[in-house]
Colleague: 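First the structure, which I've put down as C-alpha cells, then a few questions once you've had a look.
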Number of protein chains: 2
Amino acid sequence: MRRNTWQREAVREALGNNEGFVSAQMLHSGLREAGSSIGLATVYRALADLGSAGEADSLQSDQGEVLYRACTPGQHHHHLICRSCGLTVEIEADAVEAWAHQVAADNGFTQPSHVVDVFGMCAKCSAD
Amino acid sequence: MRRNTWQREAVREALGNNEGFVSAQMLHSGLREAGSSIGLATVYRALADLGSAGEADSLQSDQGEVLYRACTPGQHHHHLICRSCGLTVEIEADAVEAWAHQVAADNGFTQPSHVVDVFGMCAKCSAD
DNA sequence: CGGATGAATGATTGTCGTTCTCAGTATGGC
DNA sequence: GCCATACTGAGAACGACAATCATTCATCCG
Ligand SMILES: [Mn+2]
Ligand SMILES: [Mn+2]
Ligand SMILES: [Zn+2]
Ligand SMILES: [Zn+2]
C-alpha cells in the first residue's frame, strides 16, 4: 500500500510553489537550501509518482532535462511557456485536439496521441 | 570555412536512406556495419550541423534520445510518427500555425514558437 | 501501547546519451 | 606542392537519471 511520507509532501509543496516548469535537480537543491535532508533519488521518485497520478505535467527541455509543473488534475490541456522566466499558462484547445485526431485518422494511424507546446516571451520579459 | 568531407556526406546519405527518425548511435552503428570507419563524435557533429542548416528535423524520444530525420528544406511542417516502426508523415497545418500565434498573442506573449507532434500506430503496425 | 512487516528512503554506484579533449589528418586556397 | 587550419576520432569526461541495498519508519494488528 502507498505510504504517506513528509518527503512526498515536501516535493508536492515545492512543486506548487513554483510558477513554471522545474527539474528534479532544481527542486532538490531548493529543498536542501531550505534545510531539508531529502535525497535526490526520492525527489525523482516523487515526481514520477506525481506525474503518473496526473498531479504533475512534464515536458523535456531543449537540453533533454525533464521538467515538471503542478497541474490542474483531470483535464487534458497544454502549455504556453515563457522561454525567459518560465511563466506558464495552461491552455485548452478543442480545435487542436480534433485536428490531431483527424490527421491521424486521415493517414490510417490509430491510438493517436500528441505533443503540443507553445513557447514565447511573456509580457514582462518582452518589456525588458 | 566549411570543408566538405566524406564523413558529412555519409551521414547525410544514411539519414536520407531512413524512412523515420533515427538516433546518432543508430546511424553510427549502421555506417560501421556497412564498413565505414566514421567516428561517433563525427556523426553527432554532422547531425547537429544538418539540423542547424535546416536539412534535418529533430525531436526527442520519450527516453530523451534525440532523433533526426532528413527534411524537406524550407517549408515549416510537423510530423505524424508511428510509435512502433517509426514511419513518419510530414504534415502541414496552417490552422495550427494560426492557432499557436493567436494563443500567444492573447496572453501577451511575443516571438512565439511551438512544438507539435502527433504519434500513433500506423496502418501496418495496427494490423499486427 | 509495543512489535512485526515491508514500503520508502538516500548515499552510493551504475548506465547511457552526449560533449569535450587533443593529437593526428586531410581539405581548400595559394 | 605547401601551408594554415578545419575536421576527425578514440577515449575521457560529463550529466541526468535509474538501480542497489542497508537502514528507517509508516502502517497494521493484537
Ligand atoms: Mn491536446
Ligand atoms: Mn507549426
Ligand atoms: Zn517571462
Ligand atoms: Zn508503424
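Numbered from 1 within each chain, the chains take letters A, B, ... in sequence-line order. Only this structure's heavy atoms are used, side chains among them; waters, hydrogens and symmetry mates stay out. Quantities reported herein were computed from a predicted structural model and do not represent experimental measurements.
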Colleague: Looking at every strand, decide which applies to Arg45(A) at a 4.0 Å heavy-atom threshold: base, sugar-phosphate, or nothing.
Modeller: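 Counting heavy atoms under 4.0 Å across all strands, the contact made by Arg45(A) includes a base.
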
Colleague: Based on the rotation axes of five pairs at each end, what angle does the helix from dC1(C)-dG30(D) to dC30(C)-dG1(D) bend through, to 10°?
Modeller: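 Roughly 40°, once rounded to the nearest ten degrees.
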
Colleague: What is the distance, rounded to the nearest whole Å, between atom CD of Gln63(B) and atom C1' of dG15(D)?
Modeller: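 The distance from CD of Gln63(B) to C1' of dG15(D) comes to 18 Å, rounded to the nearest Å.
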
Colleague: Kindly compute the distance separating CD (Glu13(B)) from CG (Leu31(B)), expressed to the nearest 0.5 Å.
Modeller: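 If we round to the nearest 0.5 Å, Glu13(B):CD and Leu31(B):CG are 8.5 Å apart.
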
Colleague: So for atom CD, which belongs to Glu9(B), do other residues, nucleotides or ligands contribute more than 12 heavy atoms lying within a distance under 6.0 Å?
Modeller: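 More than 12 within 6.0 Å, yes.
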
Colleague: Of all the nucleotides listed (dA8(C), dC28(D), dA6(D)), which has the minimum atom distance to the side chain of Met1(B)?
Modeller: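 Nucleotide nearest to Met1(B)'s side chain: dA6(D).
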
Colleague: For the residue pair Thr42(A) and Gln7(A), what are the closest heavy atoms and their distance?
Modeller: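 Smallest interatomic distance, heavy atoms only, reads CG2-CB, 3.8 Å.
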
Colleague: As a quick check of understanding, evaluate salt bridge (charged side-chain N to carboxylate O under 4.0 Å, His left out) for Arg69(A) and Glu90(A), giving each step before the final call.
Modeller: CA-CA 11 Å; Arg69(A) 180 173 189 268; Glu90(A) 292 191 356; 3.5 Å; yes

Colleague: Ignoring hydrogens and angles, write down the donor-acceptor pairs under 3.5 Å from the side chains of residues 113-126 of chain B, residues two or more places apart or on other chains.
Modeller:
| residue | atom | partner | partner atom | Å |
| --- | --- | --- | --- | --- |
| Ser113(B) | OG | Arg83(A) | NH1 | 2.8 |
| His114(B) | NE2 | His76(B) | NE2 | 3.2 |
| His114(B) | NE2 | His78(B) | NE2 | 3.2 |
| His114(B) | NE2 | Glu97(B) | OE1 | 3.1 |
| Ser126(B) | OG | Thr110(A) | OG1 | 2.7 |
| Ser126(B) | OG | Met121(B) | O | 3.1 |
| Ser126(B) | OG | Cys122(B) | O | 2.9 |

Colleague: In whole angstroms, how far is the C1' atom of dG28(C) from the CG atom of Asn4(B)?
Modeller: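 Rounded to the whole Å, the gap is 10 Å.
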
Colleague: With respect to the side chain of Glu65(B), which nucleotide from dT27(D), dT18(C), dG10(C) is positioned closest?
Modeller: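 Nearest to the side-chain atoms of Glu65(B), counting from C-beta on, is dT18(C).
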
Colleague: How long is the span from the CZ atom in Arg32(B) to the CG atom in Leu40(B), to the nearest 0.5 Å?
Modeller: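 Rounded to the nearest 0.5 Å, the CZ-CG separation comes to 8.5 Å.
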
Colleague: Counting only heavy atoms and a strict 4.0 angstrom limit, can you tell me which residues of residues 5-41 of chain A come near DNA chain D?
Modeller: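 Gln25(A), Ala41(A) - these, ordered by number, are the residues of the stretch whose heavy atoms sit under 4.0 Å from the strand.
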
Colleague: In Å, rounded to the nearest 0.5 Å, how long is the span from CZ of Arg2(B) to CG of Asp49(B)?
Modeller: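 Rounded to the nearest 0.5 Å, the CZ-CG separation comes to 4.5 Å.
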
Colleague: Please give, in whole Å, the distance from dC28(D) P to Arg3(A) CZ?
Modeller: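 One finds 9 Å between P of dC28(D) and CZ of Arg3(A), rounded.
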
Colleague: Specify the separation, in whole Å, of atom CG of Leu47(B) and atom C1' of dC7(D).
Modeller: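 Going from CG in Leu47(B) over to C1' in dC7(D) covers 16 Å.
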
Colleague: Using side-chain heavy atoms (C-beta onward) and a distance below 4.5 Å, is Leu87(B) in contact with Ile81(B)?
Modeller: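 Heavy-atom side-chain distance check fails, nothing below 4.5 Å.
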
Colleague: Closest to the Tyr44(A) side chain: dC17(D), dT27(D), dG10(C)?
Modeller: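 In terms of side-chain proximity for Tyr44(A), the closest of dC17(D), dT27(D), dG10(C) is dC17(D).
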
Colleague: State whether a side-chain donor-acceptor pair under 3.5 Å links Gln25(A) with Tyr44(A).
Modeller: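 There is such a pair between these side chains.
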
